[in-house]
**Q** 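Before I ask anything, let me first share the structure, which is written out below as structure tokens.
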Amino acid sequence: MKAVRAFLFVGMCLASTLALAQVKKEEQKSDADKKDTRVEPTSWGPAFGRVYDTKTGGPVAGATVSVETETGFVDKGRSVGVTDAFGGYKAEAILGRISSNFDIGRALLSSPLGLLFGGGTNTTKRIDVAQLCIRVTAPGYKPFEGVVAARNADAGRFRLDMEPILLVPEQDNGISFSATHWSAMRVVGVTVTPSVAKKGDKVKIQATVSYFGKDPGKNVELMAYCGYWGKDRKMGVSKDKPQAGQLLFDYEYKVSGKEKTKAEPVFIWISKSNLDWTGDDGEHDAVIQLSFDAKDDGNIAIRQEGLAHLEAKEHQKVVQCFKQLGSDPSANLFDLVTLADSAEKVGDYSTAADAWKRMTKDTAYATDQAARVMYLAKEYASVSDLVKPVLTKNKEKDWPKKVPAGAVGYYGLSLLKLNQIEDASKLNESLLNWPLSGLEESVIDFRGALRLAEVEAAIAKEPRSSNALADYGRALLDLGRYEEAISKLQASLEVNPEQPAVKRDLAWAALQFGKATTVQVPLTTAVEEAKAQLNLGDKKQRSKDFFAWNQYAVLLYALAREKSAASDPTAVETMKEAIDALQEALSLGRVGAKSNGGRYNYFYGYVSGSQVAISGFAYPEANASFALLMSIRRLQAKPDDALAMFCQAAALIDLNQLTLADRALQQYLSVRPSDPEAHFLAALIALRVEDNEAAKTQLQTVIDANGMHPRANLYMGHILAEEGDVAGAAERQAAHMKTYGRM
Amino acid sequence: MLTSAVVAALALTSPAFRGGQENVFGRTDTQKEIELGRQGYEQMLRENYISQNDQYVRRVGRIFNQLHAALPEKLYPYQYAVIADNDVNACCFPGGFIIVNEGLLAVMPDDDEVAFVLAHELGHGARRHYMREMKKMQSVVAIDFALSTLLGINTGNSTALAGISFTREHEGEADAFGTELYLRAGFDPKEVSNGIRVLQRLDGGSDRVPEYLRTHPSHDKRIAAIEERSKTLLESGLVPNSEADVKLHLSDVFGVLPTVAPQPSRWNPHSPGAYWKYAVSSPEGGTSTYEIKAVGVAEIGAAAVWRMELIMSGVAYNYQLTTDGDRVWRRNTPNNPKSQWILESSLLPSGESEGSGDRAFAGMPTEDVTTPAGTFTQCVKIRHQDKKRLFTAWFAPGIGLVKRVNEASGTTETLVEYRHP
């Protein structure tokens, strides 16, 4: 027994020593002494990304990628990487912080062996940065130097995946840039052969994927889904020879003859690639059609014709074709759905409703759609006839099984059209029986319409009631009908001016028309007011509200800059206070952590350490404040760091400190006057101060310099849409789509 | 026995007895509460559907902001979310993270009712009930565990009962806090207990669950206590937070309306709920879509001004619109007081024209037009000069714009879907 105790004692001592040594090693990695480690990054980790050619879209091999460190860009070391054949690079940067500690509680629940594997340690991994300053040089290309956003931050693996960088060949016009959301690989087409299959046939689904540059080989994975096989299935590489710049993938489906439908769509998407792709682009579909007898063969020709019209968006002709298919009493669901959809598009609601009604036995969704189309056709009594008997015949608890909530929403809307408000009110409470009825569009519309009908009824009863008028105004406010809401709220206050809550609602509505009631106060007063919100002082519970601290920090920073411009000697002290406040705010703005308690074994206790992974911040403002803090640090160390000025300007725009942002931007432009990204920031500032003309001029400068800019065309489109130039906005959208393939 | 006691004491310090949360029992600082609360809040949002009902989200936002402005101390980053769940419920996580279920909003059409429930939930957050309860639970768990270990007695029930008892105490405190906050935010004092009355009605008008088993006190007791507290507070001189009068003139909301004889458009109906969807295609092969909705209509004397919504790449743009029958005026960015009314279209008979220079319209012979939305006969065709661009546009009677072509770029917009209520 003594021997066992001695063994346990020695084992625990050894394990504790090893664990503590591991902790010490982690701490040595960091540069903790100089920084506030609660919020400032100290640990290195890898950043992965890819570099492409703007002209060909292909990967650029052999490019040198350098991530800016505290001492600037260097030519070798861990912050430098070289791209491989697929343009991929890995370079290290200070991403956040990894810290470990020895946990006596875990150690007691572990064994010496478990401790040897780290069972007694807690590790926290935290990623702070969301962007990196990167320089890329490659022979034959214009270099890139700028800010690259992270596409994904993975604190558990302590790595960043960066947005792609596109380099312009030396002889071409344009500027190398970071192309946020650009993808080098996209699904461009799907075919199904044979176009019509019979029992026992093998249906081949073939997807074509386009890529730029070098053949990515076997590193690409495509998935296919169809109702016939019911699951996501991986496609295989096709034996057919693809065209240059394309890959072909196949999936084979054998027709069993037991299929319940005779046509089903199949969906294809990329799930893995060694080139950049995005999950939501390039999803394509095609239709698998089955034929089991001669009658099917006859219908197939009609269906083919109908599908061709559908492709050409000739919905009236689609309706003609699918009406023929639908005339068969045993018509296929796919045909009926297509008929209903197209009939609705051309306003032929009765055909659409008939088609949906025929499907109600097969799927509850059809009841929902039938009710919707009948409601659109203004056949309110018919909607009632469809839904009411089901509710009357069945017990309340069975309703969700018998009729979909969407149909009940249309029933409610129909009751309101028939002026049966009392029944509609009862139905509203009945809708609570459907657990997720609130997600249905018809239920959302019904609840809004009911509230409006009720307040209108109250007004009709008591036209001069301040409460009824206020309720009416509030209902309109919530529906986004601000103009009407204002007149009702004003009327309510005329009857009874002593309604502070109504006044505040009116102030809120006024904000929608640019009428702010807030009064501009001097910066020093604003700082004092913000400080009062922090609840500082003896015996007080200090505020832990991120927003309160962040507002205080940003105002203090603005005050420090104001003092500095006026050569006030207290500016340095104020800046120090601003940095302290920023650190406090950021420590309160952390995102919720993902915890992994480690592996536990009955015999050995904990055999691996616990890990807490924290990626970024909980609030968008915190990301901007972090960028501001980092830029302050960098400019303190190196006042002529141009990219730090750029980052500071961008952060200040996000924090709505536009004057300071403009000042930082002008400083940057004095060093790099032709950088389109700086003109893009200038456009953002102009937009914030509602100077659309200046914003358009700046955006045009960006587009002229870089027609592939990831956001300039979109922003120009937004301005034009806001100005009512829908056609111009649509053209900008199309220009963006040309490069990025999606919005 | 000594060994058992040591093991029990050590075990209580281990993570297994800290509910998986580091230092939750050990520390009382608010930052830990916020971390814990945010985790719970985010977890709940992940496990539920976020509300898609804009009206509900706006409504909760309005009421929440009014209450938040009246909070005496803002110790937490108070946040709220609405979930698409039909339970008549709302809850507050530590750190002031509030979740409101749609079910609650569905049965409480009056803002005063919802305001009290939210004020009550804010009370749980502000008074740190969760942490206080956890701390009390910790001592109960510790005693329970030690007794179980040392004496072999199963005392599990005491924990559960203690929990209920603590909760009821806190519910009363949250009601008291909520009543004061409700009044300070300026909601109607006469309706302070209406929220609880709605809950009482939904419970069938009676308190069917025995009092001692309930987490909340009985409805009747709560209503009486809330009304009493409201009366006391008002008698002691509680004054709601003041709000400056808002002076809004017609021109602040509608700009300077064009001097025309307003009447509904014969060609372009805009009743609330009307909807149009257009497809855009450019000769280079670019395609996109956009939608237009008529949201509401404000009557100003004889004039009617519609609030319209343009939805493009997922972004909604609002504008105002008025007509005099054949002409349509548009006012972009209504939130900009300087925004002017511009003549958007003038549906002139063939051969007639209006305007000049950058903005001119000319009527052409009527034509039939086919789009994916159908074939439209006798469409009014106009040529429209807008700045340096020339458009040809077709309007169908009772439908609106069905097609428009930019003559220079070839970009074409066609109607693909429409609905008129």
Side-chain angles (χ1 to χ4, degrees), chain A residues 105-106 108-109 313 315-316 345-347 376 428-429 432 435-439 444 447-448 451 454 474 478-481 483-484 486 500-501 503-504 506-508 510 512-515 517 533 535 541 543-548 592 690 721-724 726-727 729-731 733-734 737-738 743, chain B residues 10 13-15 30-31 34 38-39 42 49 52-53 55 58-59 62 66 73-77 84 86 102-103 106-107 109 111 185-187 240 243-244 246 248 252-253 280 282 286 288 290 295-296 298 305 307 310 312-313 317 330 332-337 372-374 406 409 411 417 419:
Chain A
R106 288 181 72 85
L108 285 166
L109 290 176
K313 295 189 171 69
H315 295 294
Q316 274 172 327
K345 281 201 168 73
V346 294
L376 290 176
N428 178 43
E429 288 194 7
L432 301 183
L436 293 171
S437 57
L439 291 173
I444 293 173
R447 284 175 167 167
R451 189 165 168 226
E454 285 174 339
R474 286 163 167 171
D478 296 341
L479 287 165
R481 295 165 64 169
E483 290 90 343
E484 298 157 85
I486 284 170
K503 276 188 195 175
R504 257 193 293 282
L506 184 59
W508 191 81
Q512 312 305 316
F513 295 94
K515 291 285 283 186
T517 51
Q533 294 289 318
N535 221 29
Q541 178 74 51
S543 172
K544 294 290 178 182
D545 178 2
F546 160 78
F547 298 105
E690 296 181 354
E722 201 175 70
E723 291 180 345
V726 182
E731 281 175 2
Q733 275 192 352
M737 289 280 286
K738 200 177 156 193
M743 297 310 295
Chain B
L10 284 173
T13 67
S14 79
T30 41
Q31 176 61 11
I34 294 170
R38 193 190 290 130
Q39 279 178 29
E42 287 173 356
Y49 291 95
Q52 304 295 306
N53 190 327
Q55 302 151 42
R58 276 194 206 110
R59 186 172 175 220
R62 271 190 311 104
Q66 300 218 15
E73 287 180 336
K74 295 180 183 69
L75 294 178
Y76 303 113
N86 274 334
E102 281 191 354
V107 299
D111 274 11
F187 288 95
E243 177 66 46
V246 184
L248 268 174
D252 292 325
V253 180
V280 184
S282 71
S288 64
Y290 68 88
V295 178
V305 176
R307 169 164 280 261
L310 161 70
M312 206 166 202
S313 39
Y317 305 90
R330 173 190 185 112
N332 297 309
T333 56
N335 61 344
N336 181 355
N406 180 335
S409 68
T411 302
E417 216 175 320
R419 288 195 291 272

**Q** For the pair Gln66(B) (side chain) and Ala501(A) (backbone), establish whether a donor and an acceptor sit closer than 3.5 Å, ignoring hydrogens and angles.
**A** yes
**Q** Looking only at non-hydrogen atoms, find the nearest pair between Ala298(B) and Glu483(A) and report the distance.
**A** CB-CB, 3.9 Å
**Q** Is there a side-chain contact between Thr411(B) and Glu731(A) (heavy atoms, below 4.5 Å)?
**A** yes
**Q** What residue, out of Gly448(A), Ala730(A), Gly724(A), has the most heavy-atom pairs lying under 4.5 Å from chain B?
**A** Gly724(A)
**Q** What part of Gln316(A) gets closer than 4.5 Å to chain B, counting heavy atoms only: side chain, backbone, both or neither?
**A** side chain
**Q** Before accepting this row, confirm whether a basic side-chain N of the pair Asp111(B)/Arg504(A) lies closer than 4.0 Å to the acidic partner's carboxylate O.
**A** no
**Q** Is it the backbone or the side chain of Ile486(A) that comes under 4.5 Å from a heavy atom of chain B, or both, or neither?
**A** side chain
**Q** Determine whether Gln55(B) and Ile444(A) satisfy the following criterion, side-chain contact (heavy atoms from CB on, under 4.5 Å), listing intermediate values before the conclusion.
**A** CA-CA 8 Å; Gln55(B) 302 151 42; Ile444(A) 293 173; 4.0 Å; yes
**Q** Quick one, Asn86(B) and Pro435(A) - any side-chain contact, counting heavy atoms below 4.5 Å?
**A** no
**Q** I want to check something: taking the side chain as every heavy atom from C-beta on, are Asp545(A) and Tyr76(B) in contact at a cut-off of under 4.5 Å?
**A** no
**Q** Measure Asn53(B) against the heavy atoms of chain A and call it side chain, backbone, both or neither at under 4.5 Å.
**A** both
**Q** Quick check: closest heavy atoms across Leu439(A) and Ala84(B), and the distance to 0.1 Å?
**A** CD2-CB, 3.6 Å
**Q** Using heavy-atom distances under 4.5 Å, tell me whether Tyr290(B) contacts chain A through its side chain, its backbone, both, or neither.
**A** side chain
**Q** Are any non-hydrogen side-chain atoms of Leu310(B) and Val726(A) less than 4.5 angstrom apart?
**A** yes
**Q** To the nearest 0.5 Å, what is the distance between CZ on Arg330(B) and CD on Glu723(A)?
**A** 10.5 Å
**Q** Answer with side chain, backbone, both or neither: which region of Ala721(A) has an atom nearer than 4.5 Å to a non-hydrogen atom of chain B?
**A** both
**Q** Would you call Arg447(A)-Glu102(B) a salt bridge at under 4.0 Å N-O?
**A** yes
**Q** Regarding Arg58(B) and Asp478(A), does a basic nitrogen lie under 4.0 Å from an acidic carboxylate oxygen?
**A** no
**Q** Kindly give the heavy-atom pair with the smallest separation between Arg307(B) and Gly480(A), and that separation in Å.
**A** CD-O, 3.1 Å
**Q** Are any non-hydrogen side-chain atoms of Leu432(A) and Val107(B) less than 4.5 angstrom apart?
**A** yes
**Q** Examine whether an atom of Pro334(B) lies under 4.5 Å from a heavy atom of chain A, and if so say whether it belongs to the side chain, the backbone or both; otherwise answer neither.
**A** both
**Q** Counting only non-hydrogen atoms closer than 4.5 Å, does Arg59(B) touch chain A with its backbone (N, CA, C, O), its side chain (CB onward), both, or neither?
**A** both
**Q** Pick one of side chain, backbone, both or neither for Leu376(A), based on which atoms fall under 4.5 Å of a heavy atom in chain B.
**A** side chain
**Q** In terms of heavy-atom proximity below 4.5 Å to chain B, should Glu429(A) be classed as side chain, backbone, both, or neither?
**A** side chain
**Q** Do Val253(B) and Gln512(A) have side-chain heavy atoms sitting under 4.5 Å apart?
**A** no
**Q** Report the option among Pro240(B), Gly103(B), Pro109(B), Ala106(B) that has the most heavy-atom pairs separated by less than 4.5 Å from atoms of chain A.
**A** Ala106(B)
